[in-house]
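Scroll down for the structure; my scribbles are underneath it.
Not measured: the values here are computed from a predicted model.
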Amino acid sequence: GGWKARLEAAADAGIATALHGLGQADWSTRWSLDATPKRISFDGAGVTVVIEDEFGKVPLGRLDEAETRRLFEVAGVDPARVDAATDAFLDWVDDDEERRPGGAEDADYAAEGLRSRDSRLRTLEELAQIRGLDPATVATLARIATVWADEGDFSAETADPRAIEAMSVVGEDSPEAIERARERAGQRVALDTREPPKIVGRPVTVTATAEDGAGGRATRSVVAVLTGRPDRPVLIRQLN
């Protein structure tokens, strides 16, 4: 009905406001990339906006076996299932049909009408198709992993501590992980006196949730890249 359209318009306005805020030339007024929720109002609706830096997540397209195993450990996979989950993930993305001990290849997915990707993942939603990855694991990976970045892009200063732990040989005791955990707990202000990362060419996920106070809700989410070009300042890579 009309209320749904209004809330969807409010969520869209939240996305547009966030992208405008990210594009500010003055970094002191630019919206931050540290996933801190911002709240605005639009047409009577309250809108909560979250910006996530895709460079602050674990790059799924460039993981070796040890890194994949560490990621699943950080994501909370049962230790007894980590090896199988690692094998299944690597079988999904490699370009051969040689099944790892705990993995799965095309023949194993045939009954489900699926085939392994045989290349890097294109979307996070694909994780749900990989054998051995339960919904809870997929939901966690969706928060700390990405298909929009490569290993050299990783940015600890905007990352979830779990992503830092997965990317670090030191793990949760690394200085970066401890610092980010403190920031997210409110013990210090993230990026408080430092110039923030360069935004041009950096993929971000912007999620806006509009609520009317009476139980109505609408959510919009985009993966976008700011180009720095006045004629086309934003490229939308994915829209949900």
Side-chain angles (χ1 to χ4, degrees), residues 4-62 120-126 141-160 163-164 167 180 183-184 189-212 217-240:
K4 183 177 181 180
R6 286 195 299 274
L7 287 176
E8 289 174 346
D12 288 339
I15 297 289
T17 300
L19 292 174
H20 177 75
L22 278 175
Q24 294 299 303
D26 182 354
W27 66 264
S28 66
T29 61
R30 185 184 305 161
W31 283 34
S32 68
L33 295 169
D34 64 357
T36 301
K38 283 185 175 288
R39 291 173 176 82
I40 63 174
S41 296
F42 182 83
D43 195 22
V47 185
T48 302
V49 184
V50 174
I51 302 171
E52 300 171 83
D53 179 18
E54 293 301 300
F55 285 178
K57 300 179 182 180
V58 177
L60 289 174
R62 290 291 184 268
R120 60 188 297 171
L121 272 67
R122 296 180 185 175
T123 68
L124 287 173
E125 287 75 19
E126 231 175 287
L141 292 173
R143 299 293 299 172
I144 66 174
T146 183
V147 299
W148 300 105
D150 289 322
E151 189 168 8
D153 298 325
F154 185 70
S155 170
E157 64 183 346
T158 58
D160 185 298
I164 298 172
M167 292 293 289
R180 282 294 290 147
E183 289 173 355
R184 294 171 75 91
V189 178
L191 308 177
D192 48 6
T193 59
R194 295 164 288 174
E195 184 173 348
K198 295 186 183 304
I199 191 65
V200 172
R202 197 181 195 98
V204 296
T205 294
V206 184
T207 304
T209 301
E211 299 176 282
D212 61 8
R217 171 185 291 215
T219 297
R220 285 278 199 264
S221 181
V222 302
V223 178
V225 177
L226 271 68
T227 67
R229 292 167 41 191
D231 58 324
R232 193 179 183 187
V234 177
L235 293 177
I236 301 299
R237 304 286 294 277
Q238 182 173 309
L239 174 64
N240 297 319

Which atom of Ala11 lies closest to which atom of Ala210, heavy atoms considered: N-CB, 3.8 Å
Hey, does Gln238 have a side-chain heavy atom less than 4.5 Å from the side chain of Ser221? no
Please name all residues satisfying side-chain contact (heavy atoms from CB on, under 4.5 Å) with Ser41, sequence neighbours left out, ordered by chain then number. none
Listed partners of Asp150 passing side-chain contact (heavy atoms from CB on, under 4.5 Å), at least two apart: Arg62, Arg120, Asp153
How far apart are the C-alpha atoms of Asp53 and Arg202, what are their side-chain angles, what is the distance that settles it, and do they pass the salt bridge (Lys or Arg N to Asp or Glu O under 4.0 Å) test? CA-CA 8 Å; Asp53 179 18; Arg202 197 181 195 98; 3.0 Å; yes
Could you tell me if the side chain of Thr17 sits less than 4.5 Å from the side chain of Phe42, heavy atoms only? no
Looking only at heavy atoms, the pair that brings Pro59 and Ala149 closest together is CB-O, 3.2 Å
Here's a test for you: under side chain to side chain contact (heavy atoms under 4.5 Å, CB included), which of Leu19, Leu22, Val225, Ile15 qualifies with Val234? Leu19
Closest non-hydrogen atom pair, Ile144 against Ala163: O-CB, 3.9 Å
Do Arg39 and Thr48 have side-chain heavy atoms sitting under 4.5 Å apart? yes
Rounding to 0.5 Å, atoms CZ (Phe55) and CD1 (Ile199) come to a distance of 9.5 Å
Give the minimum heavy-atom separation between Val47 and Ala10, together with the two atoms involved. CG2-O, 3.7 Å
Take Thr207 and Asn240, measure what side chain to side chain contact (heavy atoms under 4.5 Å, CB included) needs, and give me the verdict at the end. CA-CA 9 Å; Thr207 304; Asn240 297 319; over 6 Å; no
Using modelled atom types and a 3.5 Å cut-off, is there a donor and acceptor pairing between side-chain atoms of Arg30 and backbone atoms of Gln24? yes
Closest approach of Ile51 to Ala18 (non-hydrogen atoms, all atoms of both residues): CD1-CB, 4.0 Å
Phe154 vs Ile164 side-chain heavy atoms within contact, under 4.5 Å: yes
Looking at Arg143 and Lys57, what are the two nearest heavy atoms and their distance? O-CE, 3.7 Å
Is any side-chain heavy atom of Thr123 closer than 4.5 Å to a side-chain heavy atom of Val147? no
With a 4.5 Å limit on heavy-atom distance, are the side chains of Thr205 and Val223 in contact? yes
